[in-house]
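Structure, as structure tokens:
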Amino acid sequence: MTFGLGSFVPASAQQSASPLPDAPQVQIAMNEQPALPGDSSSALPQEPAAASQTSAPANAPQATTADQHQKAATQLKEEEHQRVLGIVPSFNVSYRGKATAPLSASQKMQLAYHASIDPFAFAGALLMAGYREAMDDDTGFGWGAEGYGKRSGAAYLDTVSSDIIGNGLYPVLLHQDPRFYRLGHGTVIHRAAYAIGTSFVCKGDNGHWQPNISNVAGNITAGAISNLYYPSSDNSGVGQAFSDGMLVTAEGGLGAVFQEFWPDVSRKFLHRDPTHGLDAQAEAEDKAAKDAKNAKANQAVKDAQAAKAK
């Protein structure tokens, strides 16, 4: 994920510091925002009552699906403009929680494609290639301009395969959401644990939590594909692809932690709120829900005491 699946890093470069990977997109405890209004049914010619009752239920799901698709398109457009410091993409990060509409198959592929062609993806590949050549990695590529060009191409292919497969194809096939849903409030330890956990647990299109197979399988698959274009060595094969994939999955958890706390850092030091008030809204509503729960519990105690007194 551009932020949900980190770019795959082959074994020969495991010692290098790879850019922050994507993490799955998951955020809970954010309250529902009003759904987009449904399309009102157009006036139908006068027909027998039976015919009208038959047509209404058939049209209702179509209107709901269209509304959800439009809502997701609007939110996706906002997410594709999210960047850390105006540079690092945060396309796969959702600040809306439960109010985030599920993506369609085409929208998931759009998100993956957008991340893979972003200028930051090319810049990251060029920087990674320079680092690997300086560290004497991937010697089979050679040295100089030719070797640097091959390393750059390989690093970019790592990013593309991770994005397209882990953020696009697998989420489409498995009906999973490739985005990382920020928690946005709570204790530091709880939020950090939550963020790391999203590498292995994600939201499905049905809104339920489930194993994040798209993320893990996407990283392993990207590792297997990299064997096709990296110089052959002892660090190749199924076992190495699996271990590299799990390493990138763990690195994705660290990327999720960064994305979880970045808005807090931005508000404190840059006086800018990337969530545009959504964190404050979620915290206030969470506090209101807890207060209501406590009030209900206290009332139950009072009622029990009154009944006992009688």
Side-chain angles (χ1 to χ4, degrees), residues 1-23 80 83-92 109 111-170 199 215-256 258-259:
M1 297 184 172
T2 301
F3 179 73
L5 295 178
S7 300
F8 170 73
V9 180
S12 58
Q14 287 183 12
Q15 296 178 350
S16 63
S18 59
L20 285 174
D22 294 336
E80 289 180 336
R83 292 180 184 273
V84 175
L85 295 175
I87 301 174
V88 182
S90 295
F91 304 155
N92 283 64
M109 295 305 300
L111 180 61
Y113 174 74
H114 189 188
S116 66
I117 65 170
D118 187 78
F120 185 82
F122 293 99
L126 294 176
L127 291 174
M128 182 59 65
Y131 179 80
R132 290 175 181 174
E133 185 157 352
M135 296 300 293
D136 197 25
D137 290 337
D138 308 321
T139 56
F141 283 140
W143 307 103
E146 180 180 358
Y148 178 75
K150 291 179 179 179
R151 288 180 177 84
S152 298
Y156 180 66
L157 285 176
D158 292 343
T159 297
V160 172
S161 62
S162 180
D163 285 335
I164 299 300
I165 297 173
N167 282 357
L169 294 178
Y170 277 137
S199 286
N215 185 23
V216 178
N219 288 331
I220 295 175
T221 302
I225 292 176
S226 72
N227 289 331
L228 300 177
Y229 52 83
Y230 272 92
S232 59
S233 67
D234 294 335
N235 294 322
S236 62
V238 176
Q240 192 63 45
F242 181 84
S243 62
D244 286 351
M246 295 306 297
L247 175 61
V248 174
T249 299
E251 291 173 348
L254 298 180
F258 174 81
Q259 292 287 3

Go through it in stages, so that I can follow the logic: the residues are E251 and N219, the test is side-chain contact (heavy atoms from CB on, under 4.5 Å), and I'd like the CA-CA distance, side-chain angles, deciding distance and then a yes or no.
CA-CA 11 Å; E251 291 173 348; N219 288 331; over 6 Å; no
M109 side chain reached by I164 side chain, heavy atoms, under 4.5 Å
yes
Can you list the residues that meet the salt bridge (charged side-chain N to carboxylate O under 4.0 Å, His left out) rule with E80, with sequence neighbours excluded?
none
Using 30° and 60° as the class limits, which term best fits the ring planes of Y230 and F141: parallel, tilted or perpendicular?
tilted
Interatomic distance, I220 atom CD1 to T249 atom OG1 [nearest 0.5 angstrom]
6.5 Å
Kindly write out the residues that satisfy side-chain hydrogen bond (donor to acceptor under 3.5 Å, both in side chains) with Y148, not counting sequence neighbours, or none if the list is empty.
none
Taking side chain as C-beta onward, heavy atoms only, is F120 less than 4.5 Å from T159?
no
Measure across A121 and A115 and return the closest heavy-atom pair with its distance rounded to 0.1 Å.
CB-O, 3.9 Å
At their closest point, which heavy atom of S152 faces which heavy atom of A125, and how far apart are they?
O-CB, 3.7 Å
Once ring pair (Phe, Tyr, Trp, His ring centres under 6.0 Å) is applied, do any residues pair with Y113, and if so which ones, sequence neighbours excluded?
none
In the structure I gave you, are the side-chain heavy atoms of H114 and D163 within less than 4.5 Å of one another anywhere?
no
Residues P89 and Q259: closest non-hydrogen pair is O-NE2, 3.9 Å
Enter the distance from F242:CZ to T221:OG1 here, rounded to the nearest 0.5 Å.
11.5 Å
Using a 4.5 Å cut-off on heavy atoms from C-beta on, say whether the side chain of M246 contacts that of V216.
yes
What pair of heavy atoms forms the shortest contact from S161 to Y229, and how long is it?
OG-OH, 4.3 Å
Closest heavy-atom contact between S199 and G252?
OG-C, 3.5 Å
At their closest point, which heavy atom of F122 faces which heavy atom of I117, and how far apart are they?
CE1-O, 3.5 Å
Has R151 got a side-chain atom pairing as donor or acceptor with G142's backbone, closer than 3.5 angstrom?
yes
